[in-house]
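Because the structure is a prediction, the values reported are computed rather than measured.
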Amino acid sequence: QVQLVESGGGLVQVGGSLRLSCSASGLIFSVYVMGWFRQPPGKDREFVATTNWSGGRIYYADSVKGRFTISRDNAKNTVYLQMNGLKAEDTAVYYCAADRSGGRAWTGYGYWGQGTQVTVSS
C-alpha cells in the first residue's frame, strides 16, 4: 500500500530554517505530483507548495513564496520542503500528499502522510 512518511519537523525560532522530508513507498513516485499542505491550529488545511513529476512545474502559496523551496529526488522517492525565514504564522502540522493530478486544492490528492509538527517561536 502507499505510504508517505514526513520527517524534519520541530521547534525553531523566528527567522530560523527547517527542512522537511517526505519519503514515499508503494507507488511509482516519479509519475506523481507531490504537494505540501499545512494546517495551523484551529484553521483549515491550506496549500503550501506543489511540484510535478520532474520538478519543472512548481507552485507556491503567496504566503511562502521566496522563503520556502520544494524539491524532489525521484531516485530516493523523496520530496523536500526547505523552509527559511520562518515566521510564527508558519506554525502548523505539515502534510505531504501525492496524486497523479494534484493541484493546489487538498481535495486533489488521494494519498497523505501522517503530518509533522512545525512550531515557530517568537
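- With a 4.5 Å cut-off on side-chain heavy atoms, W53 and F29 do not count as touching.
- At a threshold of 4.5 Å between non-hydrogen side-chain atoms, the residues L86 and V14 do not count as touching.
- Looking only at side-chain heavy atoms (C-beta outward), V118 and L18 come within less than 4.5 Å of each other.
- Rounded to the nearest 0.5 angstrom, L11 CG and Q13 CD are separated by 8.0 Å.
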Can you check side-chain contact (heavy atoms from CB on, under 4.5 Å) on D99 and V33, steps first, answer last?
CA-CA 5 Å; D99 202 89; V33 173; 5.6 Å; no
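- Rounded to the nearest 0.5 Å, atoms CD (Q117) and CD (E6) are 12.0 Å apart.
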Next on the checklist: If you apply the rule side-chain contact (heavy atoms from CB on, under 4.5 Å), what do you find for L81 with T69, and how did you get there?
Outcome noted: CA-CA 6 Å; L81 186 68; T69 302; over 6 Å; no
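- Taking the six-membered ring where the residue is Trp, F68 and Y94 present tilted rings, their angle falling between 30° and 60°.
- Using a distance-only test at 3.5 Å, with no hydrogens or angles considered, no donor-acceptor pair links the side chain of N84 to the main chain of S17.
- Across all non-hydrogen atoms, the minimal contact from G108 to S101 is O-OG, 4.0 Å.
- To the nearest 0.5 Å, atom CD of residue Q1 and atom OG of residue S25 are 7.5 Å apart.
- Residues M34 and Y111 form no side-chain contact, since every pair of their non-hydrogen atoms from C-beta on lies 4.5 Å or further apart.
- Across all their heavy atoms, A24 and L27 have their closest contact at CB-CD2, 3.6 Å.
- Of the possible donor and acceptor atoms, none in the side chain of D73 sits under 3.5 Å from a partner among the backbone N and O of T78.
- A salt bridge between D62 and K65 is present, with a side-chain N of the basic residue lying under 4.0 Å from a carboxylate O of the acidic one.
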- Carefully, step by step, assess R100 and Y32 under the rule side-chain contact (heavy atoms from CB on, under 4.5 Å). CA-CA 5 Å; R100 292 296 302 272; Y32 274 74; 3.7 Å; yes
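- A donor-acceptor pair is defined here as one N or O able to donate and one able to accept, closer than 3.5 Å; such a pair exists between the side chain of T91 and the backbone of V120.
- In this structure, CD1 in I58 is found 7.5 Å from CG in N52, a value given to the nearest 0.5 Å.
- Between the side chain of R104 and the backbone N or O of A61 there is no donor-acceptor pair closer than 3.5 Å.
- Cluster annotation: M83 is connected to V48 through the hydrophobic network of ILVMFWY side chains, with a link wherever side-chain heavy atoms come within less than 4.5 Å.
- Remark: R72 fails to qualify as a cation-pi partner of Y80 under the 6.0 Å distance and 45° angle criteria applied to the six-membered ring.
- If you chain together hydrophobic residues whose side chains sit under 4.5 Å apart, W106 and V93 fall into the same group.
- The CD atom of E46 sits 4.5 Å away from the CZ atom of R38 when rounded to the nearest 0.5 Å.
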request  = Apply side-chain hydrogen bond (donor to acceptor under 3.5 Å, both in side chains) to the pair T50 and Y109, showing each step before the final yes or no.
outcome  = CA-CA 11 Å; T50 185; Y109 293 80; 2.9 Å; yes
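- Counting heavy atoms from C-beta outward, E89 and S63 have side chains that stay 4.5 Å or more apart.
- Seen from the ring of Y60, R67 does not count as a face-on cation partner, given the 6.0 Å and 45° thresholds.
- Under the 4.5 Å side-chain heavy-atom criterion for ILVMFWY residues, a single connected hydrophobic cluster contains both W36 and V2.
- With hydrophobic clusters built from ILVMFWY side chains whose heavy atoms lie under 4.5 angstrom apart, F37 does not share a cluster with L4.
- Following chains of ILVMFWY side-chain contacts shorter than 4.5 Å, one can reach V79 starting from L20, so the two form part of one hydrophobic cluster.
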